[in-house]
K.L.:
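Please see the structure below; I have some questions.
Computed from a predicted model, the values in this text were never measured in an experiment. Numbered from 1 within each chain, the chains take letters A, B, ... in sequence-line order.
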Amino acid sequence: MNTSPGAPERYDPTAIEAAWQSRWKERSTNATDIDGAERPYFNLMMFPYPSAEGLHVGNVFAFIGADVHGRFRRLQGFDVFEPIGFDAFGIHSENHALKVNTHPSELIPSNIRRFRDQLRRVGLMLDWEHELSTTDPRYYKWTQWIFLQLYRAGLAVKKKAPVNWCPECKTVLANEQVIDGFCERHPETQVHQRFLEQWFFTITNYAQRLLDNLETIDWSDSTRTMQRNWIGRSEGAEIVFVTPGDHEIRVFTTRPDTLFGATYMVLAPEHPLVERLTASEQRRAVKEYKREASAKDIVARRVGDREKTGVFTGSYATNPATGEAIPIWIADYVLMEYGTGAIMAVPAHDERDHEFAEKFGLEIREVIQPDDAYVERPFTGWDGKLVRSGAFDGMTCREGASKITAWLAERGAGTGTVQYRLHDWCISRQRYWGPPIPIVYCERCGTVPVPEEDLPVVLPPLDDFRPSESGVSPLARNEEWFRVPCPECGKLARRETDVSDTFLDSAWYFLRYPSTAFDDRPFDADVTRRWLPVQSYIGGNEHAVLHLMYARFITMALHDLGHIAFEEPFTRFRAHGMIVKDGAKMSKSRGNVVIPDEYIAKWGADTFRMYLMFLGPYQEGGDFRDEGIAGLRRFLDRVWDLVAHSEPASADTADDVVIRKLHQTIAGTAEDVEELRYNTAISKLMEYVNVLRGRGEDDAGQRSVSPDVLRPLIIMLAPFAPHFAEECWARLGGTASVFDASWPAYDADAARESSIELVVQVNGKVRGRVTAPAGIAEPDAVALATAEESVQRFVGDQTVRKVVYVQDRLVNLVVG
RNA sequence: GCCCGGGUGGUGAAAUGGCAGACACAAGGGACUUAAAAUCCCUUGCCGCUAUAGCGGCGUGUGGGUUCGACUCCCACCCCGGGCACCA
């Protein structure tokens, strides 16, 4: 440690970071002027769930990447709004509260305090004036208000449906929360199927728009692909099969071209027609099979490689193409939730039907002659010609599909249609820790929405908030709370005791941020017009089909109801990658979770920030290794040293090499930061520093460069190392914050190289290099290249058959 | 099974179809130091030839192809990560 008087002060991140953090707070450096901003820029990051463990490095990685973007935009002259909040309702918090046997209303505030503290130390440009928490009645009042808007529009409906039931959570889960048939939060617990009355948002009404709009928004491809797959659009036909008893069985198929090969049908065991179609001699078998199927949980039902089971109903239906009577079976490989819950089985051209037909000895009739004769059976491809298909013989599959659909339509036996895999969003939860759904059930008036002026329906304190085995909400144990007069007739009625899904809380928080000052409206019209949609949203792909889909849906619905002017909430979304530790995913059980605090304490937030942004491409993530951090600290130390010894009189301001490198760095770094290529942006700054260090040395061995070539460096460094940059900026004579400066101007002329190095190849192999003036013409370049001794050796007396010249880059002589 | 990513030195990684390995880490050598740490300088893809300077060959998961030229484009395959999965 150098402590002698007069010696240059060492870089001390602890002191500098604390000083600047309090200065930012005092001066409101990061507060946004919501009403007065000239160039509003909404920079959003995914608000965290305030867990008991505190922020981990994954959260911090996400926030820093978003913060770098926000700070960069600010240096470009935008009024950047970078708010934060807490997603504190939900099963996550509640389960933790149950585990440690403390009420969530006690836990959450202390967790939030810890999070605030951690977030401050990371040095994010957060505007704390607009902090929100989903558990705040001032917030969830409007979550309930959104429910009411959707309810009035018919987009919130109550229906009995097969739902995913987690026996551990003792609640219903959305499909998105079921992973491989197991609960998202309890990987050991299988999810079961139950039929319950639940509130749904009919997101399926928006399936096509959610799909189409994906083309119009600037999102990571990976995220858009996941959404596309989740929506799962399939084109095909709905075809009607009629039974002798005049029952109509509708099926959906993506392969109407194979209709002539449909040799039997299958209904889902829960299909409403099963009862009526069952012949008396099959009654027992069918009943037994239905019982078995309903006893099965969703896993057993959904695992794809399971052996097929099923039972014949004893009835037949007429194949509308062949006129043949084909047997009707029931089997649990047909799912009631998709399509019509019934299929036409074409065992010759569908793997599942094939397996089923083989097992039960049903007819397998090929109606496609594949183009390639040597393909495996069943042939499920599209490249073939129709056979045994009457008038459609000889057509390609594509042609046959549309012709058969048209032919069915003429006879009223079918129609072209589209199916989606997307399911309606089940939003009710039989849990405690969420916003109560604002509905009252009255014996006389039925289902009555709580009047808007009575919102919020406050979640009452409840000592025993455990979920019950029976699936009834904890709130149903609080009679005092749920007994209320009917808002319409005044007679004693009963509140809805379910609460809403956490994903509803987070589906609209970005709308609230700029309007947190208003208590009489969810989002102010003027403010919203100025600040939304969100210009940049950065977050993890784990939310690609949950949060991001729901937020889009809620935004679309609010748009259609006239509350907002846009229908897509996030103009640009970028998914960041995942941080792993020594090649393995971080997890508590592995014991390799990186806690940012200790690293920040040891190295300083700026070094830590820079390391995280440097360790790999931001959108791919990377491997966190302790050894790598020192390099970034060394880099900052070197910059510190340059700043400490800067001399206004230094000649480097006119040094071509320095100036050229500076302007190349300005252009390259801006482009990299713009594209979130933070790792290469930092490496470019390092290159520039290496040039400065090589140039700055005087006769006495003392480095000294002028502040003029350092200031642009400090600005470019500021998004990554904000405290460090502020301190250097001040030491270089800056008065205001470095973030009130502008990103350095790029001068293309200054960046241009005057001489270039031409690579000379012979037959594509590098055989020499020549220095030439930039912009050299081809004949001159070739002459220079050919004259080179090392090139001559490889050309010898062979004739040059061809010359390839790439301007200012290379000459390739093709000889032989 | 299907749909996305990805596979490059000892390590993290970089490269609009045009010098593979920028920038770092680690390692080795040297300077400074009584010594160590820190700092600074040098070396560092592999193999071979050479006393050295240097010279040559090989090299981006594997096998083919396109091209004057391929980490980059095309085809087939292998491995790793993620998503979906009896979705008709």
Side-chain angles (χ1 to χ4, degrees), chain A residues 1-2 10 179-181 220-226 228-230 232 234 236 251-255 258 266 301-308 331-335 337-346 350-353 355-356 380 419-423 541-542 544-545 577-578 580 582-583 585 611 614-617 619-632 634-635 637-638 641 677 679-687 689-690 693 701 703 757-769 790 793 801-807 809-816:
Chain A
M1 184 83 58
N2 198 336
R10 268 190 64 159
I179 294 152
D180 290 335
S220 293
D221 284 339
S222 58
T223 315
R224 290 194 301 172
T225 302
M226 282 164 83
R228 223 172 270 130
N229 293 343
W230 194 260
S234 295
V251 304
F252 172 72
T253 178
T254 54
R255 297 300 299 266
T258 63
V266 187
R301 186 74 193 267
R302 289 242 173 120
V303 167
D305 47 9
R306 227 186 88 242
E307 183 157 342
K308 298 279 176 291
D332 65 4
Y333 80 91
V334 174
L335 308 170
E337 311 93 82
Y338 183 78
T340 59
I343 62 161
M344 66 176 207
V346 186
D350 180 279
E351 271 177 49
R352 296 151 302 179
D353 297 347
E355 190 193 332
F356 192 83
T380 57
Q419 280 290 331
Y420 303 91
R421 299 162 81 137
L422 185 70
H423 286 70
N541 245 349
E542 68 271 19
V545 291
M578 205 174 48
V580 298
D582 299 322
K585 203 168 174 169
Y611 174 64
F614 183 69
L615 91 186
Q619 291 175 83
E620 284 166 37
D623 199 344
F624 190 97
R625 283 165 193 274
D626 291 11
E627 311 90 69
I629 304 175
L632 281 299
R634 271 200 280 271
F635 170 68
D637 280 334
R638 288 167 184 164
D641 195 55
R677 292 191 299 253
N679 56 332
T680 50
I682 291 171
S683 76
K684 287 185 171 81
L685 297 177
M686 287 173 167
E687 283 186 50
V689 167
N690 289 344
R693 278 158 47 82
R703 284 199 182 78
E757 195 172 66
L758 270 183
V759 171
V760 186
Q761 297 183 336
V762 178
N763 286 346
K765 282 194 197 291
V766 179
R767 297 302 184 187
R769 297 178 176 83
S790 60
R793 226 164 349 119
R801 289 191 291 128
K802 186 177 176 182
V803 175
V804 180
Y805 178 58
V806 182
Q807 184 68 54
R809 273 183 185 268
L810 101 169
V811 176
N812 186 12
L813 306 169
V814 185
V815 299

K.L.:
So what does A/Asp637 hit on the nucleic acid, given a heavy-atom distance under 4.0 Å: a base, only sugar-phosphate, or nothing?
P.N.:
nothing
K.L.:
If pairing requires Watson-Crick or G-U wobble contacts with both distances under 3.5 Å, which nucleotide is the partner of B/C2?
P.N.:
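The base-pairing partner of B/C2, which may sit in any strand shown, is B/G83.
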K.L.:
What is the separation between atom CE on A/Met686 and atom P on B/C23, rounded to the nearest whole Å?
P.N.:
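After rounding, the reported distance stands at 10 Å.
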K.L.:
For B/A14, take OP1 and OP2 only and decide whether either is under 4.0 Å from a side-chain N or O of A/Asn679.
P.N.:
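For B/A14, OP1/OP2 do have a side-chain N/O of A/Asn679 under 4.0 Å.
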K.L.:
Find the distance A/Arg677:CZ to B/A15:P and express it as a whole number of Å.
P.N.:
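Checked: the CZ to P distance equals 7 Å.
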K.L.:
Is A/Asp641 paired with A/Arg638 through a side-chain N to carboxylate O contact shorter than 4.0 Å?
P.N.:
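Salt bridge absent between A/Arg638 and A/Asp641.
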K.L.:
Tell me whether the side-chain N/O atoms of A/Arg767 come closer than 4.0 Å to OP1 or OP2 in B/C19.
P.N.:
no
K.L.:
My understanding is that a pair needs two contacts under 3.5 Å, Watson-Crick or G-U wobble. By that rule, which nucleotide pairs with B/G45?
P.N.:
B/C58
K.L.:
Now, which nucleotide makes the Watson-Crick or G-U wobble pair with B/U16, with each of the two distances under 3.5 Å?
P.N.:
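Check on B/U16: unpaired, no WC or wobble geometry under 3.5 Å.
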K.L.:
How about CD on A/Glu351, more than 12 heavy atoms from neighbouring residues, nucleotides or ligands closer than 6.0 Å, or not?
P.N.:
no
K.L.:
Can you see whether A/Tyr333 has A/Lys308 sitting over its ring - NZ or CZ less than 6.0 Å from the centre and within 45° of the normal?
P.N.:
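Ring-cation test returns yes.
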K.L.:
To the nearest Å, give me how far apart CZ (A/Arg809) and C1' (B/A15) are.
P.N.:
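Between C1' of B/A15 and CZ of A/Arg809: 10 Å.
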K.L.:
Classify the nucleic acid contact of A/Arg638 as base, sugar-phosphate or nothing, counting any heavy atom under 4.0 Å across all strands shown.
P.N.:
sugar-phosphate
K.L.:
Which one is paired to B/G69, where only Watson-Crick or G-U wobble pairs with both distances under 3.5 angstrom count?
P.N.:
none
K.L.:
Please determine whether any donor N or O and acceptor N or O are separated by less than 3.5 Å between the side chain of A/Lys308 and the base of B/C86.
P.N.:
yes
K.L.:
Taking any heavy-atom pair under 4.0 Å as a contact, classify A/Gly631: base, sugar-phosphate, or nothing.
P.N.:
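Sugar-phosphate contact only - A/Gly631 comes under 4.0 Å of backbone atoms but never of a base.
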K.L.:
Between A/Asn690 and B/A22, is there a contact of a side-chain N or O with OP1 or OP2 at under 4.0 Å?
P.N.:
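The answer is no; no side-chain N or O of A/Asn690 sits under 4.0 Å from OP1 or OP2.
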K.L.:
Would one find a side-chain N or O of A/Arg634 under 4.0 angstrom from OP1 or OP2 of B/C25?
P.N.:
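Yes.
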K.L.:
Answer with base, sugar-phosphate or nothing: what part of the nucleic acid does A/Arg801 contact at a heavy-atom distance below 4.0 Å?
P.N.:
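Here A/Arg801 touches no strand at all.
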K.L.:
With a 4.0 Å cut-off on heavy atoms, is A/Phe614 in touch with a base, just the backbone sugar-phosphate, or nothing at all?
P.N.:
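Base: the residue A/Phe614, judged by heavy atoms under 4.0 Å, touches a nucleobase.
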K.L.:
Which pair of non-hydrogen atoms, one from A/Phe252 and one from A/Ser234, has the smallest distance, and what is that distance?
P.N.:
CZ-O, 3.7 Å
K.L.:
Distances under 3.5 Å only, N/O to N/O: pair up the protein atoms with those of nucleotides 66-74 of chain B.
P.N.:
residue : atom : partner  : partner atom : Å
B/C68   : O2   : A/Asn812 : ND2          : 2.4

K.L.:
Does B/C40 pair with anything, Watson-Crick or G-U wobble, both distances under 3.5 Å, and if so, with which nucleotide?
P.N.:
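Pair assignment: B/C40 / B/G30.
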K.L.:
Using whole Å, what does the distance between atom P of nucleotide B/G12 and atom CG of A/Leu632 come to?
P.N.:
17 Å
K.L.:
Tell me, do A/Asp350 and A/Thr258 make a side-chain contact under 4.5 Å, heavy atoms counted?
P.N.:
no
K.L.:
Hey, does the side chain of A/Arg421 come within less than 4.0 Å of B/G83's phosphate (OP1/OP2), counting only N and O?
P.N.:
no
K.L.:
Between A/Thr680 and A/Met578, which is nearer to the 5' end of RNA chain B once each is assigned its nearest nucleotide?
P.N.:
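Looking at the nearest nucleotide for each, A/Thr680 comes out on the 5' side.
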K.L.:
I want to confirm an ordering. Mapping A/Ile343 and A/Gly628 to their closest nucleotides on RNA chain B, which one lands closer to the 5' end?
P.N.:
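Whichever sits nearer the 5' end wins; that is A/Gly628.
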K.L.:
Please write out each protein N/O paired with an N/O of nucleotides 3-8 of chain B under 3.5 Å, distance rounded to 0.1 Å.
P.N.:
none

K.L.:
Could you give the distance separating B/C74 and B/C19 at their C1' atoms, to the nearest angstrom?
P.N.:
26 Å
K.L.:
So which nucleotide does B/G9 pair with, by the Watson-Crick or G-U wobble rule with both distances under 3.5 Å?
P.N.:
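Pairing partner, where one exists within any strand: none, as none qualifies.
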K.L.:
Could you tell me whether A/Val806 contacts a base, only the sugar-phosphate backbone, or nothing, with contacts defined as non-hydrogen atoms closer than 4.0 Å?
P.N.:
base
K.L.:
Under 4.0 Å, counting only non-hydrogen atoms across every strand here, what does A/Arg224 touch: a base, just sugar-phosphate, or nothing?
P.N.:
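If one applies the 4.0 Å heavy-atom cut-off, A/Arg224 turns out to touch nothing in the nucleic acid.
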K.L.:
To the nearest angstrom, how far is A/Glu351 atom CD from B/G1 atom C1'?
P.N.:
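Between C1' of B/G1 and CD of A/Glu351: 8 Å.
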K.L.:
Work out how far the P atom of B/G9 is from that of B/U72, and round it to whole angstrom.
P.N.:
15 Å
K.L.:
Tell me whether the side-chain N/O atoms of A/Lys765 come closer than 4.0 Å to OP1 or OP2 in B/A20.
P.N.:
no
K.L.:
Assign A/Leu810 to base, sugar-phosphate, or nothing according to its heavy-atom contacts below 4.0 angstrom with the strands shown.
P.N.:
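Base contact.
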K.L.:
Using only heavy-atom distances, determine whether the side chains of A/Asn541 and A/Ser222 contain a donor-acceptor pair under 3.5 Å.
P.N.:
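Judged by distance alone, the side chains do pair up.
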K.L.:
Any base atoms under 4.0 Å from A/Lys684, or only sugar-phosphate, or nothing? Heavy atoms, all strands.
P.N.:
nothing
